[in-house]
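Structure, as structure tokens:
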Amino acid sequence: MPGNSHKNSPGSTPRYWLLKSEPNCFSIDDLAAAPDQTTFWDGVRNYQARNLMREMRVGDQALYYHSQTNPSVVGQAEIVREAYPDHTAWDPQSDHFDPRSTPDKPLWDMVDIRLVRKFSQPLPLPMLRTVTDLAGMELLRKGSRLSVQPVTESQFITILRLAKEATEATP
DNA sequence: GCCAACGTTGGC
DNA sequence: GCCAACGTTGGC
């Protein structure tokens, strides 16, 4: 399509993603406490995950997932800035330092996300595995390690419904 | 702490 | 380009 930018034009359909974080590294509470409840999603050092981030558009929605302890989907966030160079790769002091990346030739990207909501109850991974509508979700695949994953609209809607039901079940 | 799954590296 | 060795992720 000539002249077609990749941005979501007003009214276009957003896409859906899942972002993994170790809660002791950057939890959803950290996101909630951040200025404007916004942060840059740095530290992705996997090509497949990076390429998925490059497909993200402003307005896309993401599930926020805590890995490691009590693995669970804990909330929802929104993409507010599209992929740009991850400067933490240039910082020798950073845990995510990668000398192959330079300001002239950036190797890794990040996006900015803003909190939409934290779920009143986390949706634990073992529970999600029992949900028929989520069969086939990348997160539930055995050995799934991708920290940035695509999510279908139907999977996304199902997760939001489960979050709402969990809220109503707990006064 | 264990280990399966997976990505990356490097010798050839 | 193959593949063994290695390192990492992340559920359990």
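Predicted, not measured: the structure shown is a model, and the values here were computed from it. All chains are named by letter (A, B, ...) in the order of the sequence lines, taking the proteins before the strands, and each is independently numbered beginning at 1.
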Residues of residues 104-112 of chain A with a heavy atom under 4.0 Å from any atom of DNA chain B, listed by number, are none
Shortest non-hydrogen pair, A:Pro106 vs A:Ser101, comes out as CA-OG, 3.6 Å
Atom CD of A:Gln48: over 12 foreign heavy atoms under 6.0 Å: no
Side-chain heavy atoms under 4.5 Å apart, restricted to Ile/Leu/Val/Met/Phe/Trp/Tyr: what other residues fall into the cluster of A:Met110, or is it alone? A:Phe40, A:Tyr84
Under 4.5 Å side-chain linkage, directly or through intermediates, the cluster mates of A:Tyr47: A:Leu107, A:Trp108
Would you check if there is a donor-acceptor pair between the side chains of A:Thr152 and A:Arg15 at a distance under 3.5 Å? no
Just by distance, with hydrogens left out, do A:Ser27 and A:Glu22 show a side-chain donor and acceptor under 3.5 Å apart? no
Take the protein atom [atom1] of [X] and the nucleotide atom [atom2] of [N], then report the distance between them rounded to whole Å.
X        : N     : atom1 : atom2 : answer
A:Asp98  : C:dG7 : CG    : P     : 17 Å
A:Asn46  : C:dG7 : CG    : P     : 18 Å
A:Gln149 : B:dG7 : CD    : P     : 12 Å

Does anything in residues 124-159 of chain A pair up under ring-ring contact (aromatic ring centres under 6.0 Å, His included), and if so which pairs, sequence neighbours excluded? A:Tyr16-A:Phe156
Please enumerate all protein N or O atoms sitting under 3.5 Å from an N or O of nucleotides 3-6 of chain C, with distances to 0.1 Å.
none

Any salt bridge linking A:Asp109 with A:Arg54? Criterion: basic side-chain nitrogen under 4.0 Å from a carboxylate oxygen. yes
What nucleic acid atoms does A:Arg50 come within less than 4.0 Å of, heavy atoms only: base, sugar-phosphate, or nothing? nothing
Extract from the structure each pairing of a protein N or O with an N or O of nucleotides 10-12 of chain C at less than 3.5 Å, listing the distance.
residue	atom	partner	partner atom	Å
C:dG10	OP1	A:Lys20	NZ	3.3
C:dG10	OP1	A:Arg145	O	2.9
C:dG11	OP1	A:Tyr65	OH	2.6
C:dG11	OP2	A:Gln68	N	2.8

Kindly say whether A:Leu140 contributes a backbone atom to a donor-acceptor pair with the side chain of A:Arg129 at under 3.5 angstrom? yes
Ignoring hydrogens and angles, tell me if any N or O in the side chain of A:Arg50 forms a donor-acceptor pair with the backbone of A:Val44 under 3.5 Å. no
